[in-house]
Amino acid sequence: WSRHNPEKQKQIEKEIEQKALKTAQERMELELLAMKEQLKRKEEERIRLEKEQLKKREVERQREEAFTKWQEKVATEQQQEKETDDHAQTAEEEQNNDLN
């Protein structure tokens, strides 16, 4: 029947073309949404990794700071111990000299 009605044939072809275009547009929109979602996830992952790195660096900085303070404390205690020993030795020498 479409051979006998070229106008009807053209209308059907136009409708098929419009449906195909609409389907292609919908597919492109879905692909765009998928790409946006993928970008969003990548950005979230990048931010998470960046925060993780910052936290690790902060923990390391605190660890180094604590170690430095510990070294200073040990050095101070050793110095005080040496001064106490020197003082005791000097006092002992003076006492020995007084005896002689």
Side-chain angles (χ1 to χ4, degrees):
W1 51 270
S2 58
R3 290 183 196 154
H4 302 296
N5 192 344
E7 301 230 353
K8 184 76 171 169
Q9 177 72 25
K10 284 184 179 181
Q11 183 183 347
I12 290 172
E13 288 173 3
K14 189 173 185 177
E15 287 174 6
I16 291 171
E17 187 179 323
Q18 286 176 340
K19 285 181 182 178
L21 285 172
K22 185 177 178 188
T23 301
Q25 183 179 358
E26 288 171 352
R27 184 172 48 244
M28 287 174 57
E29 287 172 0
L30 288 173
E31 288 175 5
L32 182 62
L33 279 175
M35 290 170 68
K36 285 180 179 179
E37 188 62 31
Q38 186 178 18
L39 277 173
K40 181 181 167 188
R41 282 196 302 271
K42 282 184 179 181
E43 181 65 9
E44 288 170 350
E45 178 67 7
R46 184 192 66 75
I47 290 169
R48 186 191 65 76
L49 289 172
E50 193 174 290
K51 285 180 180 178
E52 196 174 281
Q53 280 296 109
L54 286 171
K55 187 176 178 181
K56 284 180 182 178
R57 282 198 293 264
E58 179 60 19
V59 167
E60 184 62 26
R61 187 194 64 76
Q62 289 175 355
R63 194 176 292 142
E64 288 175 5
E65 185 179 309
F67 181 71
T68 300
K69 286 181 180 179
W70 173 80
Q71 283 180 318
E72 291 169 356
K73 182 180 175 188
V74 168
T76 301
E77 288 173 353
Q78 287 175 339
Q79 182 64 32
Q80 289 172 345
E81 197 174 292
K82 184 180 182 301
E83 289 171 3
T84 302
D85 289 348
D86 289 349
H87 182 67
Q89 186 177 355
T90 303
E92 188 178 314
E93 288 172 359
E94 286 176 2
Q95 196 174 32
N96 287 339
N97 286 341
D98 289 345
L99 292 174
N100 290 339

Contacts under 3.5 angstrom, residues 23-31 side chains, donor-acceptor by atom type, not counting sequence neighbours:
from : atom 1 : to  : atom 2 : distance (Å)
T23  : OG1    : K19 : O      : 2.8
Q25  : NE2    : E29 : OE2    : 3.3

Self-check item: Non-hydrogen side-chain atoms of I12 and K8 separated by less than 4.5 Å
Solution: yes
Rounding to 0.5 Å, atoms NZ (K51) and CD1 (I47) come to a distance of 7.0 Å
L39 meets the side-chain contact (heavy atoms from CB on, under 4.5 Å) criterion, sequence neighbours left out, with none
(Q) So that I can tick it off, tell me whether R46 and E43 are bridged by a salt bridge, with the cut-off set at under 4.0 angstrom between side-chain N and carboxylate O. (A) yes
Subject >> E44/R48 ion pair, N-O < 4.0 Å >> reply: no
From the list Q80, Q78, K73, side chain to side chain contact (heavy atoms under 4.5 Å, CB included) with T76 holds only for Q80
In E13, E17, Q11, the residue satisfying side chain to side chain contact (heavy atoms under 4.5 Å, CB included) with E15 is Q11
In residues 54-68, what donor-acceptor pairs under 3.5 Å come from side-chain atoms, sequence neighbours left out?
from : atom 1 : to  : atom 2 : distance (Å)
E58  : OE1    : R61 : NE     : 3.1
E58  : OE2    : R61 : NH2    : 2.6
E58  : OE2    : Q62 : NE2    : 3.0
E60  : OE1    : R63 : NH1    : 3.1
R61  : NH1    : E65 : OE1    : 2.7
T68  : OG1    : E64 : O      : 2.9

Q. Does the side-chain contact (heavy atoms from CB on, under 4.5 Å) test come out yes or no for Q18 and K14, once each step is laid out?
A. CA-CA 6 Å; Q18 286 176 340; K14 189 173 185 177; 3.9 Å; yes
